Each structure stands twice: as C-alpha cells, then as structure tokens.
Chemist: 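Following this message is one structure expressed as structure tokens.
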Amino acid sequence: MKRFFQPVPKDGSPAKKRPAAAAAASASDSDSLGGDAPAAAACAVGEGDSPPAPREEEPRRFVTWNANSLLLRMKSDWPAFCQFVSRVDPDVICVQEVRMPAAGSKGAPKNPGQLKDDTSSSRDEKQVVLRALSSPPFKDYRVWWSLSDSKYAGTAMIIKKKFEPKKVSFNLDRTSSKHEPDGRVIIAEFESFLLLNTYAPNNGWKEEENSFQRRRKWDKRMLEFVQQVDKPLIWCGDLNVSHEEIDVSHPDFFSSAKLNGYIPPNKEDCGQPGFTLSERRRFGNILSQGKLVDAYRYLHKEKDMDCGFSWSGHPIGKYRGKRMRIDYFLVSEKLKDQIVSCDIHGRGIELEGFYGSDHCPVSLELSEEVEAPKPKSSN
C-alpha cells in the first residue's frame, strides 16, 4: 500500500535531521512523538553584543478536547477530527483522557512520557498513533505525553513545531522529571505565559478516598497552584465541574441525581458529580483567588441550549439530552482583553461535532499582547 506517513525509528522519532543548534537545545528525542520536555536554548547577551532579538512569536490559537480514548478516535473518527483541526488551525491542542498506557513492562517502572510498546498489541496500537500523528495536519506538530500505567486518564499536549516551549513540566510542582499520578497535568512555559492542561478527577458519588476526598485534595492543590504562578496563566482541559446553573442543561435533574439511591451525609455533596454545591464553590474560589476569567462565559453571557455545553449524556437512556459545560479555558485577568473568541464546537443532543467522544472540542483565540499607551511628553 502507498506509504503516507514518515518512517519512524523504534524510539518514535521522525526520521529527519535537525539543525545542530536545535539538537543541542533539546534531548535526543526532542522531536519525538512521545518525548519528555526539552529546555529551550538560552543565549546570554554580554556587553558589546547586539541587543536582544524581538520576542519570538507565541501560540495564540488553542483547542482542548477530552477524546475519551484517543486510540479509539484515531481508529474511527480521525478523518473528521483532522478536518476540524485543519479548519481551526490551532497552534496547540490539549487532549485529556487519552487512555494510552505508559511505556514499561509489567512489574517494571513506567515512563509516563512514552507510549507502551513491549507487547505485540501495544506495538500495534503505538503504530496507529504514530501514523495518525505523522499525517496531515499533525505532521507539523510535536506531542508531549503524560500517561497512566493503564488505559486510564492521561493527557497530551500537541504543539506546532515552530513554537518551542521554554520548558514542559508534568506536575503542579513544575519539576519536569516527575509526572502527576494518572498523567493528569502538562504545563508548557512560554516567554509571556504558562499553558496548563489538566484532566481533573471526577468527584464521584461517595465520601471515599477515591471519590470526594480525592477531588477535595485536587482542588486544594489547584488553588495553591493558581495563587503561586509567576506568569499569566492559560488553563484548559476537562475540569469536571459546571460552575453555575447556566452551565448545565437541566439544573434540577443534575442537582437531585443519585447513584443507587445513595444520599451523602453532607447536603453540599449531593447531586451529579461536577455539579455539587461543594465542587462549584471550591471552583469559584479558585477563580477568585487565582484572578482567573472563564473565557467562554466572558464572551457568551446567555444560556445556549444548542451549542453551550461541552459534555453530553448518552443518546440512549435517562441522560439523553442532559448536558454540562465542564471543559474550559480559564485565563489570567491580565489576558482577558486579548480574548478574541472562545467557542464550543459541538451541538445538539445527537453529539454533532463530538467526533466519537462524549466531549466536544473547545477553542480559544487570543490577540497579540496589548501594549500600554505611551505617556505623552510634557513638552
């Protein structure tokens, strides 16, 4: 059959030469489809040297999408998603719930930054991924992974090759050698902002370690993170919370939802995970304390029953037509005047524009940095 993708060596790196300067600036797998973070090359300008070059162009168009298994999407819905990417032309694509296991054999330490390929089935699956990401429009992008030990959770950040992050980290402490459990965080640092991609844990239904308690700990850490960032922040992903009633299609349904009739002892924990009062209040506090703006709601003030939700329940059953907005772009207040657009790209209860997932893509576009007006001369 006709070869339509770049041949890839065993380590997953595209078979092409890199300029010597670029090679020195990154790890040996810096252009790989499954590499960890490189450090951007830094040049010190000494006395007598030329002045620093103008700031390099930075990403301005972003997409976030919970793929609900990236491998399954590549096997069945990839052509349509590729058309979407070609049309929107994002500089960065942040993916959650990739559900691809990390490299490493059973019982051995795992490498969350690389795809598993130590079994026949995992090698086949890796090739599906590499072929998809070596073909247009993705051949112009590079991907960073943060993966779970199994086919669960995990995130990816896909960045156009012309944009080189200064640093990529995989945990909220921003130490790039360590990944968050289940691969829930990727942070790319650029000259003027941080881009944070997260897949927040679901709140669950009960007062258990892997349910309410896990989500409370996550929210506490996110609050600490947004209060300590040293640059303007763009935070996107499946945040697994609908902030206000306007963010769900049927507030009464979600407020009264139960699992097998169970009612939590604390009234604020009752209801659909992602729409309990406790989650919504903690989320509001994170926005307030972190001085963050919900980009979609900043532009879209009214409820949109057709295109205003990023997650949709199964078309068959009691969740048919029940929808939530749980995928976000949050930006620092310093960036709000640069918001050009923030759109949800799915519509209706038949999951049009969801590309096989139960979530649809959300996009953000920012304008160039707004310069402060120069003071007038007193003369």
Side-chain angles (χ1 to χ4, degrees), residues 62 64-66 94 96-97 153 155 172 180 182 184-187 194-207 210-229 232-257 264 266-301 303-304 308-311 322-336 339 342 344 359 362 364:
F62 309 86
T64 183
W65 183 41
N66 178 319
C94 293
Q96 306 85 42
E97 208 169 354
T155 52
L172 295 176
E180 288 285 343
D182 300 327
R184 292 186 180 275
V185 170
I186 302 179
I187 306 169
L194 295 177
L195 176 61
L196 169 64
N197 174 24
T198 66
Y199 176 38
N202 188 283
N203 190 57
W205 297 89
K206 295 185 177 182
E207 183 63 67
N210 289 325
S211 190
F212 295 165
Q213 296 175 32
R214 178 178 68 164
R215 183 54 189 254
R216 290 187 195 117
K217 291 176 182 176
W218 171 269
D219 288 343
K220 182 176 183 293
R221 294 186 65 211
M222 292 309 311
L223 176 61
E224 293 169 350
F225 177 85
V226 300
Q227 290 176 312
Q228 296 171 3
V229 291
L233 177 66
I234 301 171
W235 175 12
C236 70
D238 177 359
L239 307 191
N240 255 322
V241 61
S242 294
H243 188 204
E244 305 287 355
E245 288 194 355
I246 191 176
D247 298 314
V248 297
S249 61
H250 298 76
D252 292 341
F253 173 87
F254 288 115
S255 296
S256 60
N266 185 340
K267 183 179 179 180
E268 291 196 350
D269 290 324
C270 294
Q272 177 74 28
F275 196 62
T276 64
L277 285 175
S278 57
E279 293 172 273
R280 293 163 58 194
R281 287 177 178 173
R282 290 196 301 267
F283 185 64
N285 190 45
I286 290 171
L287 294 179
S288 174
Q289 296 299 315
K291 295 180 171 56
L292 296 171
V293 174
D294 177 348
Y296 177 82
R297 192 56 68 206
Y298 180 71
L299 297 179
H300 306 272
K301 308 295 186 185
K303 190 167 188 173
D304 184 343
F309 310 104
S310 61
W311 174 90
K322 308 301 190 297
R323 293 166 289 165
M324 307 174 75
R325 187 173 72 93
I326 57 178
D327 302 86
Y328 291 81
F329 276 100
L330 308 177
V331 303
S332 295
E333 288 182 353
K334 293 179 180 179
L335 299 176
K336 70 178 183 180
I339 300 173
C342 186
I344 296 173
H359 296 245
V362 180
L364 171 73

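All residue numbers in this chain count up from 1 along the given sequence. These numbers were taken from a predicted model, which means no experiment stands behind them.
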Chemist: For the NZ atom of Lys220 and the CD1 atom of Ile286, what is their distance to the nearest 0.5 Å?
Modeler: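 Result: 11.5 Å between the selected atoms.
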Chemist: Counting N and O atoms only, with roles assigned by atom type, does the side chain of Arg184 sit under 3.5 Å from a partner on the main chain of Thr198, one being a donor and the other an acceptor?
Modeler: no
Chemist: Quick one: are Ile344 and Phe309 in side-chain contact, heavy atoms under 4.5 Å?
Modeler: no
Chemist: Between Thr155 and Asn197, do the side chains contain a donor N or O and an acceptor N or O under 3.5 Å apart?
Modeler: no
Chemist: Under the salt bridge (Lys or Arg N to Asp or Glu O under 4.0 Å) criterion, do Arg216 and Asp269 qualify, and how do the steps go?
Modeler: CA-CA 11 Å; Arg216 290 187 195 117; Asp269 290 324; 3.2 Å; yes
Chemist: So do Tyr298 and Lys336 actually touch side chain to side chain, heavy atoms under 4.5 Å?
Modeler: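 A side-chain contact exists here, since the closest heavy-atom pair is under 4.5 Å.
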Chemist: State plainly whether the residues Arg325 and Asp294 are in salt-bridge range, i.e. N to O under 4.0 Å.
Modeler: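 Salt bridge: yes.
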Chemist: Step by step, work out the side chain to side chain contact (heavy atoms under 4.5 Å, CB included) result for Ser249 and Phe254.
Modeler: CA-CA 9 Å; Ser249 61; Phe254 288 115; 4.0 Å; yes
Chemist: Kindly compute the distance separating CG (Asp219) from CD (Glu279), expressed to the nearest 0.5 Å.
Modeler: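 That separation rounds to 7.5 Å.
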Chemist: For the backbone of Asp327 and the side chain of Ser310, can you confirm whether one donor and one acceptor N or O come within less than 3.5 Å of each other?
Modeler: yes
Chemist: Would you indicate whether the side-chain heavy atoms of Arg214 and Asn203 approach each other to under 4.5 Å?
Modeler: no
Chemist: Please lay out, stage by stage, how Leu195 and Cys94 fare under the test side chain to side chain contact (heavy atoms under 4.5 Å, CB included).
Modeler: CA-CA 10 Å; Leu195 176 61; Cys94 293; 4.2 Å; yes
Chemist: List the steps and the verdict of side chain to side chain contact (heavy atoms under 4.5 Å, CB included) for Lys291 and Val226.
Modeler: CA-CA 8 Å; Lys291 295 180 171 56; Val226 300; over 6 Å; no
Chemist: How about Gln272 and Trp205: do any of their side-chain heavy atoms sit closer than 4.5 Å?
Modeler: yes
Chemist: Is any side-chain heavy atom of Leu292 closer than 4.5 Å to a side-chain heavy atom of Ser332?
Modeler: yes
Chemist: For the CZ atom of Arg215 and the OG atom of Ser278, what is their distance to the nearest 0.5 Å?
Modeler: 9.5 Å
Chemist: Flag the pair Phe275 / Phe253 as yes when their ring centroid distance falls below 6.0 Å, and as no otherwise.
Modeler: no
Chemist: Search all heavy atoms of Trp65 against all heavy atoms of His359 and return the closest pair with its distance.
Modeler: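 Looking at all heavy atoms of both residues, the shortest contact is NE1-O, 3.0 Å.
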Chemist: Which one of Val229, Thr64, Leu196 satisfies the side-chain contact (heavy atoms from CB on, under 4.5 Å) criterion with Trp235?
Modeler: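 For Trp235, the side-chain contact (heavy atoms from CB on, under 4.5 Å) test succeeds with only one of Val229, Thr64, Leu196, which is Leu196.
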Chemist: CD/Glu97 to OH/Tyr199 distance, rounded to the nearest 0.5 angstrom?
Modeler: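 Answer for the CD-OH pair, Glu97 versus Tyr199, is 3.5 Å.
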Chemist: Considering the options Phe283, Tyr296, Tyr328, which one meets the ring-ring contact (aromatic ring centres under 6.0 Å, His included) requirement together with His243?
Modeler: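 Going through the options one by one, the only one that passes is Phe283.
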Chemist: Could Asp247 and Arg280 be called an ion pair, given the rule that one side-chain N must be under 4.0 Å from one carboxylate O?
Modeler: no
Chemist: Check the pair Ile234 / Leu194 against side chain to side chain contact (heavy atoms under 4.5 Å, CB included), numbers first and verdict last.
Modeler: CA-CA 6 Å; Ile234 301 171; Leu194 295 177; over 6 Å; no
Chemist: Donor-acceptor check, side chain of Ser288 to backbone of Gly284, threshold 3.5 angstrom: yes or no?
Modeler: no
Chemist: May I ask you to decide if Val248's main-chain N or O and Arg323's side chain share a donor-acceptor pair within less than 3.5 Å?
Modeler: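 A pair under 3.5 Å: no.
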Chemist: Counting distance only, does the side-chain N/O of Ser211 pair as donor-acceptor with the main-chain N or O of Glu207 below 3.5 Å?
Modeler: no
Chemist: Answer whether the closest heavy-atom distance between the side chains of Leu330 and Val293 falls below 4.5 Å.
Modeler: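 Answer no - side chains too far apart.
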Chemist: So Val241 and Ile326, do their side chains get closer than 4.5 Å, heavy atoms only?
Modeler: no
Chemist: Any sub-3.5 Å donor-acceptor pair from His300's side-chain atoms to Cys342's backbone N or O?
Modeler: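 A pair under 3.5 Å: yes.
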Chemist: Answer yes or no: is there an ion pair linking Lys303 with Glu244, defined by an N-O contact shorter than 4.0 Å?
Modeler: no
Chemist: Please answer whether the main-chain N or O of Asn240 pairs with a side-chain N or O of Asp238 as donor and acceptor at a distance below 3.5 Å.
Modeler: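 Judged by distance alone, yes, a pair lies under 3.5 Å.
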Chemist: Determine whether Ile339 and Leu364 make a side-chain contact, defined as any pair of heavy atoms from C-beta on separated by less than 4.5 Å.
Modeler: yes
Chemist: Identify the heavy atoms of Leu172 and Ile187 that sit nearest to each other, and give their distance.
Modeler: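 So the minimum-distance heavy-atom pair works out to CA-CD1, 4.4 Å.
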Chemist: Run the salt-bridge test on Arg221 and Glu180 with the 4.0 Å N-O cut-off and return the result as yes or no.
Modeler: yes
Chemist: What distance do Cys236 atom SG and Gln96 atom CD have between them, rounded to the nearest 0.5 Å?
Modeler: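 If we round to the nearest 0.5 Å, Cys236:SG and Gln96:CD are 6.5 Å apart.
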